[in-house]
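Being a predicted model, the structure only gives us computed values, none of them experimental. Order of the sequence lines fixes the chain letters, A, B, ..., with proteins taken first and strands second; residue numbering starts at 1 for each chain.
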There are 2 protein chains.
Amino acid sequence: MKAKSRQKTRTNSKGRKKSRAADEDGISLYKRIKLEVTRTLSSGDISPNDPLPTEKQLAAHYNVSIGTVRRAMDDLVAEHIVVRQQGRGTFLAALSPERMLNRFWPMFRQDGVRVIPIVQTLSFEEGRADAETAEALGLRKGDPIYRIVNLLLMGGNPVILDEINLSKKLYFGLREEHLVARETTMYGFYQSHFGINVFRVLDRLHAASANQWRAERLGVPLNSPLLSVIRIAYAFGNRPVEFRKSFLSTDAYEYRNAIGGEIRVD
Amino acid sequence: MKAKSRQKTRTNSKGRKKSRAADEDGISLYKRIKLEVTRTLSSGDISPNDPLPTEKQLAAHYNVSIGTVRRAMDDLVAEHIVVRQQGRGTFLAALSPERMLNRFWPMFRQDGVRVIPIVQTLSFEEGRADAETAEALGLRKGDPIYRIVNLLLMGGNPVILDEINLSKKLYFGLREEHLVARETTMYGFYQSHFGINVFRVLDRLHAASANQWRAERLGVPLNSPLLSVIRIAYAFGNRPVEFRKSFLSTDAYEYRNAIGGEIRVD
DNA sequence: TTCGATTTGTTCGTATGTATT
DNA sequence: TAATACATACGAACAAATCGA
């Protein structure tokens, strides 16, 4: 006497009617849910740190079982898009200041210790996108942008020089006061003030030499070797939302990168 | 008439006896299985590309349900330790030459194209571990090692100079002929000849200047900026199995690093 | 502070779909 | 074609964390 026997399609107690595995579109249910939820999140309606619908609600809404919702959420958790907390709910992956920092700033002291940088904004100006910036941000050359130069000090010494380019359209109304006043990382700032959630960055690393201007600000000799990091930051949906060129003095600090399993056995 | 109602412990039809969620050790079943399987894999008994026990077998062996085995395997798949193929089985994550390359060599041409390097072995010698190498490989200073210097050419030009240090004990019997004859990456070579599966590397990046020796081999001017990559490669169980110092000429190629979701929606 | 409701976490089990051999 | 092995989906029961009354 096992439950109800099932055919390829059936109608269950809630009026659900589905062919199992492989939907009309040939895409599985949990993947569809994954997409739908991602779309919802990228729309920016859900501010981080307030919860998504509960699993039960999602199951009801999409007319699937809780297990299927969990399968979708498992994926989103693995992709660091949402986090779950037993007893509380499921949240847009955030963005506590130091989680943000830990996640997107792979800078360590030589001995492996992570150091929180202190940020000085050296300049803030409006300008127009050059070819490189336009390409990176998906703009047209000459489109209006904000350009910010930050100096990051670690352990009291200047270590990183950041040249940040933002589309004016995306960050309309940004002013220098906001930057000095902010109590968080740039990415946390984008999120809290503009609803822009950076969840992925792509870094391109080169060896470079310090020119006069950079040498002065980083306090190193002219032509010292610097690590150049060209970064594009993406929000959900692979929307580029920041183009950044950084120059790092790697005498006392280094850029670390782990490839492969992260060995969380918890 | 729903199944059998359950108490906190019970004995099922197969004689299984278990308290639900949170085992004796306070660790969940699927995590225990994850660990056990990982241990089995790291012992090197299972050569890559032959299958692990099937889910059914594992379930029987560990006396748990298939769902629990799948939960454990899901994690191992997410961590790139195993791969599953519908209809075939589950395999130790491998390591086709170009998967290996794609996975652990984040070098791209400026335009984003990946280039397969050609490897020249410049030298092969036995030596003794200096402090740095010993530390990295978990050896004592003075322990015997092999030291290999490789020059990697991309697009016909020398781009990377690799100085590789291997514990002699781990790779006992290694000879230069093996290296020249090999038809794969170094990591593939470690695996096929020594049963050592690299599944994770940690890179530390610095800006450096080309000294005389390196400048000559890389065909760049003295004191040119080079990207220095100090790498430790780990096998299962976090066993360090290779210590490598690389110097990259980044005029035409770059080191790329993606942080955050990889956006596989499949 | 206690307690109960809510929400996710873990485990089990079943049925069926689909790819491989 | 049949057997095998993983993939998807449903649903139930209980554990554990959280939060508010």
Chemist: Could you tell me whether the phosphate oxygens of dT8(C), OP1 or OP2, come under 4.0 Å of any side-chain nitrogen or oxygen in Thr90(A)?
Modeler: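 The answer is yes; a side-chain N or O of Thr90(A) sits under 4.0 Å from OP1 or OP2.
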Chemist: May I ask you to decide if Val64(A)'s main-chain N or O and Thr68(A)'s side chain share a donor-acceptor pair within less than 3.5 Å?
Modeler: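 Judged by distance alone, no pair lies under 3.5 Å.
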Chemist: Is Arg200(B) close enough and on-axis enough to Tyr234(B), meaning under 6.0 Å and within 45°, for cation-pi?
Modeler: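 Judged by the rule, Arg200(B) and Tyr234(B) form a cation-pi pair.
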Chemist: Whole Å only: how far is the CZ atom of Arg70(B) from the C1' atom of dT10(C)?
Modeler: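 Whole-Å distance recorded here is 16 Å.
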Chemist: Roughly how far apart are Leu179(A) CG and His193(A) NE2, rounded to 0.5 Å?
Modeler: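 NE2 of His193(A) is found 9.0 Å from CG of Leu179(A).
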Chemist: When you compare the protein's N or O atoms with those of nucleotides 19-21 of chain D, which come within less than 3.5 Å of each other, and at what distance?
Modeler:
residue : atom : partner  : partner atom : Å
dC19(D) : OP1  : Arg88(A) : NH1          : 3.2

Chemist: Over its full length, what angle do the end axes of the helix from dT2(C)-dA21(D) to dT21(C)-dA2(D) make, each axis taken from five pairs and the result rounded to 10 degrees?
Modeler: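 Terminal axis comparison yields 10°.
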Chemist: Nearest to the side chain of Gln86(B) - dG9(C), dA5(D), dC10(D)?
Modeler: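 Shortest atom-to-atom distance from the side chain points to dA5(D).
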Chemist: Of all the choices, dT8(C), dC12(C), dC6(D), which nucleotide is nearest to the side chain of Thr54(B) once you look at every atom?
Modeler: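 Out of dT8(C), dC12(C), dC6(D), the nucleotide with an atom closest to Thr54(B)'s side chain is dC6(D).
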Chemist: Any side-chain to backbone donor/acceptor pair from Glu79(A) onto Leu76(A)? Under 3.5 Å, distance only.
Modeler: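 Answer holds: no.
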Chemist: In whole angstroms, how far is the C1' atom of dT18(D) from the CZ atom of Phe91(A)?
Modeler: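 From Phe91(A) CZ to dT18(D) C1': 10 Å.
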Chemist: How many whole angstroms separate atom NZ of Lys31(B) from atom P of dA16(D)?
Modeler: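 Going from NZ in Lys31(B) over to P in dA16(D) covers 13 Å.
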Chemist: Base, sugar-phosphate alone, or nothing: which one does Arg71(B) contact when heavy atoms must sit under 4.0 Å apart?
Modeler: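 Sugar-phosphate, backbone atoms only, no base.
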Chemist: For Leu58(A) and dT7(C), what is the distance between atoms CG and C1' respectively, to the nearest whole Å?
Modeler: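 Interatomic distance, CG of Leu58(A) to C1' of dT7(C): 12 Å.
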Chemist: To the nearest angstrom, how far is Glu55(A) atom CD from dG11(D) atom C1'?
Modeler: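 Checked: the CD to C1' distance equals 14 Å.
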Chemist: Count the heavy atoms belonging to other residues, nucleotides or ligands that lie under 6.0 Å from CG of Leu153(A), then report whether that count exceeds 12.
Modeler: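 Yes, enclosed.
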Chemist: Between dT11(C), dC12(C), dA19(C), which nucleotide has the shortest distance from any of its atoms to the side chain of Val64(B)?
Modeler: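 So the side chain of Val64(B) is nearest to dC12(C).
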Chemist: Centres of the Tyr171(A) and Tyr190(A) rings: under 6.0 Å?
Modeler: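 Judged by ring-centre distance (under 6.0 Å), Tyr171(A) and Tyr190(A) do meet the cut-off.
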Chemist: Please give, in whole Å, the distance from dA16(D) C1' to Leu29(B) CG?
Modeler: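 Rounded to the whole Å, the gap is 15 Å.
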Chemist: Are any of Thr68(B)'s side-chain N or O atoms less than 4.0 Å away from OP1 or OP2 of dC12(C)?
Modeler: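 Checking Thr68(B) against dC12(C): at least one side-chain N or O falls below 4.0 Å of OP1 or OP2.
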Chemist: Establish, yes or no, whether the cationic atom of Arg109(A) lies under 6.0 Å from the six-membered ring centre of Tyr253(A) and within 45° of the ring axis.
Modeler: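 No, a cation-pi geometry is absent between Arg109(A) and Tyr253(A).
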Chemist: So for Gln85(A) and dG9(C), does any side-chain atom that can act as donor or acceptor lie under 3.5 Å from a complementary atom in the base?
Modeler: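 For Gln85(A), whose side chain was compared with the base of dG9(C), there is no donor-acceptor pair (under 3.5 Å).
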Chemist: Take a 6.0 Å sphere around NE2 of His178(A) and say whether it holds more than 12 heavy atoms from other residues, nucleotides or ligands.
Modeler: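 Atom NE2 in His178(A) is crowded, with more than 12 foreign heavy atoms closer than 6.0 Å.
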Chemist: Between Asp74(A) (CG) and dA9(D) (P), how many Å, whole number?
Modeler: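 About 13 Å, once rounded to whole Å.
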Chemist: Within the structure shown, what part of the strands sits under 4.0 Å from Gly67(A) by heavy-atom distance: base, sugar-phosphate, or nothing?
Modeler: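 The residue Gly67(A) makes no contact with any strand.
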Chemist: Nearest-Å distance, CE (Met73(A)) to P (dA9(D))?
Modeler: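 Interatomic distance, CE of Met73(A) to P of dA9(D): 15 Å.
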Chemist: Heavy atoms from C-beta onward define the side chain here; which of dA9(D), dT11(C), dA5(D) lies closest to that of Tyr30(A)?
Modeler: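 Shortest atom-to-atom distance from the side chain points to dA9(D).
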Chemist: Check whether Trp105(B) forms a cation-pi arrangement with Arg256(B) (NZ or CZ under 6.0 Å from the six-membered ring centre, at most 45° off the ring normal).
Modeler: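 Geometry flag: not set, cation outside 6.0 Å or 45°.
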Chemist: Checking Gln110(A) against Arg204(B) for the side-chain contact (heavy atoms from CB on, under 4.5 Å) test, could you report, in this order, the C-alpha distance in whole Å, the side-chain angles of both residues, the deciding distance, and whether it holds?
Modeler: CA-CA 9 Å; Gln110(A) 309 280 12; Arg204(B) 302 166 55 198; 3.7 Å; yes
